[in-house]
Amino acid sequence: MFNAENFVENSLKEIRNIVGKHKVISACSGGVDSTVTTALVHKAVGDKLVAVFVDDGLRREGEPEFVVKTLRNLGIRTKFVDAKEEFFAVFKGKTDAEEKRKAFRDKFYKTLGKAAREEQINFIVQGTIKADVIETVKGIKSQHNVLEQIGINPETYGYKILEPLRELFKPDVRKVARELGLPEEISERMPFPGPALSLRVLGEVTPEKVVVVRKATEIVEEETRKLRTFQNFAVLHNDKATGIKKGERVYGNIITVRIVDSEDAVTAKARQVPYEVLMRISERITGEILSVVRCLYDITDKPPATIEFE
Ligand code: XMP
């Protein structure tokens with residue numbers, strides 16, 4: 001049985017030993033894994049840590065502000081890096097899911113490397129957990145935050161990596177969050193992938209498409225808050241469909257809504273959401289987003305599907 005109190009106690013000692021007098025940087029996306037990691041390292045080394053939030057332009061509505069505010073409320077020194085344009089530039093012309101992940105990862109580490117150099121830091125902390133390692137090793141997908149397993153030497157980016165949660169599964173990460181006294185908004189947070197909305201814009205990622213999927217995501221989250229599901233989100237398709245807007249035939253966007261239950265993301269079940277909820281989501285998405293003419297609900301479990309579309 002996992003004991004969060006012992007884990008925290010042992011981790012604090014280990015982190016202090018490894019870090020010594022050095023300074024540490026932590027990339028925090030606001031997800032439970034990276035926030036717990038950041039809070040844990042902060043508890044261990046205090047102001048030797050600087051947290052960095054990289055705004056890649058792919059975050060959910062209000063997310064950058066929320067994350068920075070949460071970290072600062074915890075007393076953590078936090079740097080905000082606006083890299084939106086640089087991220088969109090690397091997605092140009094890329095349609096393959098793994099190529100998109102690779103482009104994201106590369107830009108992400110370069111951005112972080114630059115921030116680390118500016119702060120004269122050579123330790124990077126990140127929130128890799130056990131499932132990331134397993135799925136990457138199995139070749140299911142390259143999680144953006146697992147480097148050594150895929151043959152990348154982090155030192156080529158100019159720093160060393162510290163991954164205090166790499167032996168934990170998600171439920172235990174949440175226990176650590178509670179143990180550290182993090183707010184419920186963090187400890188019970190829905191998982192959100194590192195490459196963010198780039199995986200939910202099928203095909204090439206552009207700022208215009210991200211605006212559409214971000215708005216659809218906001219609607220899905222608002223309408224499903226009470227369902228307490230493992231993950232729920234919207235996906236923007238690459239192809240289009242015929243529809244009618246303002247009395248005219250148009251060729252518009254398609255959004256798929258995905259709402260799943262899962263323990264650890266290794267398997268998942270599509271939730272049998274009440275029909276009224278689905279209808280309300282569909283009406284809002286097609287009514288509030290001009291370009292969307294069709295809204296679909298995905299009823300596939302994992303396996304054979306994965307949770308994300310890419
Ligand atoms: P799949 O789609 O493989 O997702 O069923 C399992 C869990 O992992 C998340 N996910 C990712 N997380 N980088 C991440 O940090 C990624 O590239 C990535 N791909 C999927 C997904 O949201 C789900 O929780």
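Reckoned from all heavy atoms, side chains included, excluding hydrogens, waters and symmetry mates. Note that ligands are numbered from 1 as they come in the structure, with each ligand's atoms numbered from 1 the same way.
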>> Strictly distance-based, threshold 3.5 Å: is any side-chain N or O of K302 a donor or acceptor partner for the main-chain N or O of A265?
In response: yes
>> I'd like to check which ligand 1 atoms, numbered from 1 as shown, lie under 4.0 Å from a non-hydrogen atom of G194.
In response: 12 (N), 13 (N), 14 (C), 15 (O)
>> Using a 4.0 Å cut-off to any heavy atom of L199, which atoms of ligand 1 qualify?
In response: 18 (C), 19 (N)
>> With no hydrogens and no angle check, just 3.5 Å: does a side-chain donor-acceptor pair link N73 and T70?
In response: no
> Within the structure, does K302 bring an N/O atom to less than 3.5 angstrom of an N/O atom in ligand 1?
Replying inline: yes
> Can you list the ligand 1 atoms lying under 4.0 Å from a non-hydrogen atom of A265?
Replying inline: 6 (C), 7 (C)
> What is the ring orientation for F104 with F87, classed by angle as parallel under 30°, tilted 30 to 60°, or perpendicular over 60°?
Replying inline: tilted
> Do D298 and T256 have a side chain donor and acceptor closer than 3.5 Å?
Replying inline: no
>> Would R200 and F309 count as a cation-pi pair here, with the cationic atom under 6.0 angstrom from the ring centre and within 45° of the axis?
In response: no
>> Measuring from atom OG1 of T35 to atom CD1 of I186, what distance do you get when rounded to the nearest 0.5 angstrom?
In response: 4.5 Å
>> On a heavy-atom basis, I'd like to know which of Q231, E310, R105 is closest to atom 23 (C) of ligand 1.
In response: Q231
>> Tell me the contacting part of D132 for ligand 1: side chain, backbone, both, or neither, using a 4.0 Å heavy-atom threshold, strictly below.
In response: neither
> Do ligand 1 and I307 have nitrogen or oxygen atoms that lie under 3.5 Å from each other?
Replying inline: yes
